[in-house]
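Have a look at the structure below before the remarks.
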Amino acid sequence: MRGVREKSELGEFTISRRLTARLGALILKKIEVSHAVIEAAVPASALEKLLLSPTVLGELTPDLLKEAGASAGLGDEGLVLDLADSEDGWRIIALEEELLAEKAWGEDVESAAAGGPAPARPLARTRPAADGAGAAGLFDENRLKELKVTLFTSADPEAKIEALRLLCYSPLPPEEKAEVLLQGLQDVSAEVRAESAGLTALVGLDASAAENLRTMATGAEEDRAFASERLAVYAREGRGHAAMMAVTALVAALRNDPSAVVRRACLRSLEESAAFLASNTHRATELIRMLLAHLGKDYGTLATPARRLFVRLAELIPEVVSATIWEEVEATPDRRVRVMLLTVLGDIPGTDARRLAAAMAAESARSEERGADFRSFATYFHKLGVEAIRALVAVYPSADQSQRKYLVHLLDDICRYGQVTPEAKEEVALLFKRYLSGASRDIRISIMSTHVVSDRNLSDDTRRDLAGLFLENVHDVHMPTDIDNVEYTVSHMGMAAVDPLASRLGDHYPDGERVRSAKLLGELGRHEGFLALSEETGRTLEGLLRTLEKRRMEGFPETGAVLVAEGKIASSPSVGRNAVNIVTRAALEELERKGPDAFVYEALGWAASSTKAAPGFIKKALQALYAMLDAPEVDIVPESRLEGDTKVFELGDEAGFYTDLLPAAMKGLELVYLGHARASGLRNTIVGFLLRKWQEVITGKHVWGPGNVTEMVQVLKRIAAHSSTDSGHRLAVLKLLGKRLYNIPVMLAVGDILKADASSGEIARVASAVAVALLKRRDAEGRFNEDERTEILEVLGEIVSREHLDTETAGTDRLRDTLIETLFAGLRDSVPGVYQALSPLRSVDWLPEKVRQSIAERLADYESIVPYAPS
């Protein structure tokens with residue numbers, strides 16, 4: 001019996017190309033296969049599967065061969081293989097029955113079966129080594145070149161597979177075989193990649209690595225994704241050929257795999273393998289470029305994991321990644337890719353700030369408003385500070401019209417929250433000033449909603465000019481809240497805004513402009529008087545008071561509005577005693593002359609709130625305010641008239657008693673109370689009066705209507721929650737408001753007052769009592785009424801966050817635990833505000849560790865289900 005050692009002998013058999021290559025590989029290992037075995041190894045047979053298994057190419061022994069045969073299912077076909085040794089160092093794989101027949105007949109079984117004479121050749125015979133003349137004839141230099149050309153250039157997968165097999169079984173050194181396999185592993189054909197995977201044992205890869213490489217090529221989607229994770233282990237640990245082949249297979253899958261799931265898994269594995277990738281900068285650069293080419297085709301799938309990979313590589317080789325990305329930013333036509341790459345550059349330490357700011361600004365200017373991805377630059381602009389300001393100001397004139405509004409707000413935000421110099425803020429303000437004069441209405445409105453224009457780092461001239469432009473263009477704004485914002489900004493521009501405002505008090509301006517200017521001067525004076533306490537400020541404000549008084553005396557569209565403005569300025573500690581008393585006297589005289597007037601009541605409140613007001617004037621002011629609130633209610637008789645066939649009802653002037661006079665008087669008392677922090681006797685009188693009035697309202701002695709009742713609640717809340725209010729007044733307000741705890745505005749006011757005082761003692765007992773009272777409003781199933789559940793849980797959230805609670809009286813022993821469980825019930829139903837109430841409790845040090853840990857675990861479970869939970 002003899003085995004096959006020449007390729008020409010295989011012509012008579014029907015075997016696969018791969019098995020042909022495997023037989024050549026076995027010859028190199030000095031293993032021959034008998035004719036009978038080859039004859040039985042038809043395609044798809046168990047015998048073929050055995051001969052192609054990695055076991056045969058390994059350190060083969062008779063026992064291993066029999067075990068592999070059993071695993072391959074040879075027993076089902078009645079076949080048993082054995083491995084026999086020869087005298088010249090060769091071994092032969094033969095059927096066990098062949099070896100027995102040779103002993104029995106003493107002849108070559110294959111030759112006898114063919115009918116020819118059996119050559120006198122025992123099983124052990126002399127055979128030249130595979131690298132001798134026979135192998136040289138099979139794999140000469142020209143043949144090797146032809147095979148490599150086929151592998152690298154052919155479009156025929158079968159031809160590539162044959163070339164791959166022959167090259168791997170040729171006498172090439174291991175390193176060259178590894179290069180051949182790497183080429184095969186990145187082939188576009190899955191069959192070629194799978195064949196390469198199966199041959200990797202020739203360069204030392206273990207069976208697990210080979211199987212994962214094969215699965216990456218031809219496995220099911222789920223298996224391919226899992227295989228990509230397994231291959232990351234080889235790359236991460238840098239296991240020689242295995243690492244390189246693993247990375248090659250992952251990159252090939254990125255190029256060729258149709259599954260988004262698999263491609264994302266490959267990117268995650270490459271991110272884990274970043275250290276190995278970074279060890280070869282050329283390889284890393286090529287990977288970045290390849291990924292960018294594919295990003296344009298499948299941005300949604302690849303963008304996020306690709307960005308993580310880029311950032312990870314940048315941590316290891318920042319100069320290489322930065323240089324490569326800058327080249328790609330300037331070359332890629334895809335805006336989404338450019339935006340993503342610029343954010344990667346923003347995360348690389350040492351990136352040229354000026355260059356980055358210029359690139360981001362240019363991208364922002366030419367992007368479309370609906371393409372919001374460029375807004376990811378905002379965080380980087382804030383970090384870039386001055387460089388961002390310069391770049392954005394430079395591109396603004398050439399920006400798309402739809403983008404200019406966004407750039408206005410972006411510049412304003414950078415000035416407010418970024419590290420920006422006064423000079424940079426001035427540059428932004430000058431840009432706004434230029435475009436307020438001739439830009440579209442939308443742009444003007446956007447600029448008038450900014451805050452940097454009132455920044456005190458701006459020059460007086462710039463703020464003065466901007467104030468004038470704001471007042472000229474405020475008519476473009478129609479929404480009341482937007483108008484309020486513009487007026488607030490002007491009133492906070494400082495003394496530089498006084499001249500533009502004062503100039504509009506004259507009668508050559510429309511009445512509405514004049515009244516607005518008076519109101520804004522009052523706000524400006526009040527703000528500046530508290531902001532800058534100095535003699536110079538005092539002189540300026542007193543001069544402003546004289547200007548307003550003069551206009552009022554000459555006749556003004558709304559005298560009361562001017563008087564309120566004077567009262568606000570007079571409330572400032574910068575204004576002298578004499579000026580305060582003049583304003584207070586004027587308000588009292590106006591009240592005597594005109595009778596009840598909402599403007600006058602408010603003016604009295606502001607002027608009398610000054611600590612410099614004369615006690616006599618304060619007493620008269622309070623008497624007037626008390627009298628208004630003690631006044632008997634008026635009857636409102638609607639008047640009717642016909643408009644065509646429709647009867648229209650109108651309320652008379654008496655309705656102003658409820659809509660204007662009562663709220664103004666309450667506001668006046670609040671101002672006087674809060675303005676006299678040291679006058680305890682005065683405060684006692686005011687809070688005592690307000691509480692008496694509240695008692696009369698809730699007992700029905702006064703019938704004010706819901707609006708006035710709510711206003712009274714708000715006044716009491718603002719007084720009780722103020723930091724200067726003593727605990728006695730706060731406690732008194734809480735106890736009386738608690739009598740109407742079922743009223744939602746009252747309930748919320750109580751919560752705000754409790755939040756203002758976290759001390760122990762009486763306030764803690766009131767907080768516990770409020771919590772118990774609210775918990776009693778649950779029904780038999782433990783649920784609150786849906787109409788008030790949100791508000792109740794908001795108040796309970798305020799109470800549970802208090803360090804001090806009364807837990808000793810009846811019904812309070814486990815109060816905090818009950819409140820926490822109640823809030824978690826609300827969290828399960830996604831009640832607004834509950835998460836924000838519970839979240840801080842996991843880190844407060846006054847709760848027991850066990851309780852904090854339980855809260856943290858339960859919130860973590862919630863966050864895993866609702867990842868967008870607000871922080």
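The structure presented is a predicted model; accordingly, all values stated were derived computationally and were not measured.
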Query raised in the report: How far does CD1 of I414 sit from CD1 of I389, to the nearest 0.5 angstrom?
Result: 4.5 Å
Query raised in the report: Is there a side-chain contact between V329 and V337 (heavy atoms, below 4.5 Å)?
Result: no
Query - Partners passing salt bridge (charged side-chain N to carboxylate O under 4.0 Å, His left out) against R404 (at least two apart in sequence or in another chain) - result: none
Report summary line: Hits for ring-ring contact (aromatic ring centres under 6.0 Å, His included) against H382, two or more places apart or cross-chain, chain-then-number order -> none
Query raised in the report: Between R514 and E554, is the closest basic N to carboxylate O distance under 4.0 Å?
Result: no
Query raised in the report: Backbone N or O of A607 within a donor-acceptor pair of the S610 side chain at under 3.5 Å?
Result: no
Query raised in the report: Given Q401 and I443, is the side chain to side chain contact (heavy atoms under 4.5 Å, CB included) satisfied, shown in steps?
Result: CA-CA 9 Å; Q401 188 70 20; I443 299 299; 3.8 Å; yes
Query raised in the report: Can W606 and E602 be counted as having a side-chain donor-acceptor contact under 3.5 angstrom?
Result: yes
Query - salt bridge (Lys or Arg N to Asp or Glu O under 4.0 Å) partners of residues 456-466, not counting sequence neighbours, each pair once - result: K433-D465, R456-E528, D460-R463, D461-R464
Query raised in the report: Are the side chain of T332 and the backbone of E328 linked by a donor-acceptor contact shorter than 3.5 Å?
Result: no
Query raised in the report: side chain to side chain contact (heavy atoms under 4.5 Å, CB included) between L392 and F377: does it pass, once the steps are laid out?
Result: CA-CA 12 Å; L392 289 167; F377 293 156; over 6 Å; no
Query raised in the report: Looking only at heavy atoms, what is the nearest atom pair of S322 and L345, with distance?
Result: OG-CD2, 3.8 Å
Report summary line: For L342 and A359, the nearest pair of non-hydrogen atoms, with its separation, is CD2-CB, 3.7 Å
Query raised in the report: Under 3.5 Å, side chain of D412 to main-chain N/O of V408, donor-acceptor pair present?
Result: no
Query - Expected output: side-chain S571 to main-chain K568 donor-acceptor under 3.5 Å - result: yes
Query - Residues forming a ring-ring contact (aromatic ring centres under 6.0 Å, His included) with Y396, sequence neighbours excluded - result: Y435
Report task. Run the numbers on F310 and L291 for side chain to side chain contact (heavy atoms under 4.5 Å, CB included), then give the verdict. Result -> CA-CA 10 Å; F310 294 160; L291 268 177; 3.8 Å; yes
Query raised in the report: With D334, which residues qualify under side-chain hydrogen bond (donor to acceptor under 3.5 Å, both in side chains), at least two apart?
Result: R336
Query raised in the report: How many angstroms lie between atom CG of L313 and atom CZ of R308, to the nearest 0.5 angstrom?
Result: 13.0 Å
Query raised in the report: Side chains of I445 and D482: does their closest heavy-atom pair fall under 4.5 Å?
Result: no
Query - Check against side chain to side chain contact (heavy atoms under 4.5 Å, CB included), S449 and N485 - result: CA-CA 7 Å; S449 68; N485 288 336; over 6 Å; no
**Report entry** Donor-acceptor contact present, side-chain T725 to main-chain A721, <3.5 Å
**Finding:** no
Query - By side-chain hydrogen bond (donor to acceptor under 3.5 Å, both in side chains) - contacts of H508 (at least two apart) - result: none
Report summary line: side-chain hydrogen bond (donor to acceptor under 3.5 Å, both in side chains) filter on T462, not counting sequence neighbours, yields E426, S459
Query - pair R366-D400: side-chain heavy atoms closer than 4.5 Å - result: no
Query raised in the report: Charged N to carboxylate O below 4.0 Å: is that the case for E315 and R312?
Result: yes
Report summary line: In this structure, OH of Y601 is separated from CG of L671 (nearest 0.5 Å) by 15.0 Å
Query - Closest non-hydrogen atom pair, A749 against V713 - result: CB-CG1, 3.7 Å
Query - Partner set under ring-ring contact (aromatic ring centres under 6.0 Å, His included) for Y488, not counting sequence neighbours - result: H492
Query - Which atom of V386 lies closest to which atom of V420, heavy atoms considered - result: CG2-CA, 4.2 Å
Report summary line: Residues at least two apart in sequence or cross-chain that pass salt bridge (charged side-chain N to carboxylate O under 4.0 Å, His left out) with R338, listed by chain then number, are E363
Requested in this report: Report, as yes or no, whether the 6.0 Å neighbourhood of atom CD on E535 holds more than 12 heavy atoms from other residues, nucleotides or ligands.
Outcome: no
Requested in this report: Measure the shortest side-chain to side-chain distance between E487 and K519 over non-hydrogen atoms and say whether it is less than 4.5 angstrom.
Outcome: no
Query raised in the report: With sequence neighbours excluded, what pairs up with R434 under the salt bridge (charged side-chain N to carboxylate O under 4.0 Å, His left out) test?
Result: none
Requested in this report: Not counting sequence neighbours, which residues clear salt bridge (charged side-chain N to carboxylate O under 4.0 Å, His left out) with K667? List them please.
Outcome: none
**Report entry** Donor-acceptor under 3.5 Å (D511 side chain, P557 main chain)
**Finding:** no
Query raised in the report: Atom CZ in F556, atom OG1 in T559: separation rounded to 0.5 Å?
Result: 8.5 Å
Query raised in the report: Got M495 and L524 here, is their nearest side-chain heavy-atom distance under 4.5 Å?
Result: yes
Query raised in the report: Would you say the side-chain atoms of R730 pair up with the backbone N or O of H722, donor to acceptor, closer than 3.5 Å?
Result: yes
Query raised in the report: To the nearest 0.5 Å, what is the distance between OG (S364) and OH (Y406)?
Result: 5.5 Å
Report task. Provide the closest heavy-atom pair for L563 versus A586 in the form atom of the first, atom of the second, distance. Result -> CD1-CB, 4.3 Å
Requested in this report: Check G525 against I569 and note the closest heavy-atom contact, atom names and distance.
Outcome: CA-CG1, 3.9 Å
Query raised in the report: Considering only heavy atoms from C-beta outward, does the side chain of C415 approach that of D455 to under 4.5 Å?
Result: no
Query - Main-chain N/O of A598 paired to D660 side chain as donor or acceptor, under 3.5 Å - result: no
Report task. Mark yes or no for whether S572, through its side chain, and S574, through its backbone, hold a donor-acceptor pair below 3.5 Å. Result -> yes
Report task. Could you grab the distance from atom CG of D347 to atom NZ of K383, nearest 0.5 Å is fine? Result -> 6.0 Å
Requested in this report: Answer yes or no: is there a side-chain heavy-atom contact under 4.5 Å between S609 and L674?
Outcome: no
Query - From CA spacing to verdict: side-chain hydrogen bond (donor to acceptor under 3.5 Å, both in side chains), S724, R683 - result: CA-CA 11 Å; S724 67; R683 283 191 157 195; 2.9 Å; yes
Can you give each donor-acceptor pair under 3.5 Å made by side-chain atoms of residues 541-551, sequence neighbours left out, with the distance rounded to 0.1 Å?
unit_1 : atom_1 : unit_2 : atom_2 : d
E542   : OE2    : G576   : N      : 2.8
T547   : OG1    : G543   : O      : 3.2

**Report entry** Beyond-backbone contact of R444 with D476, side-chain heavy atoms, under 4.5 angstrom
**Finding:** yes
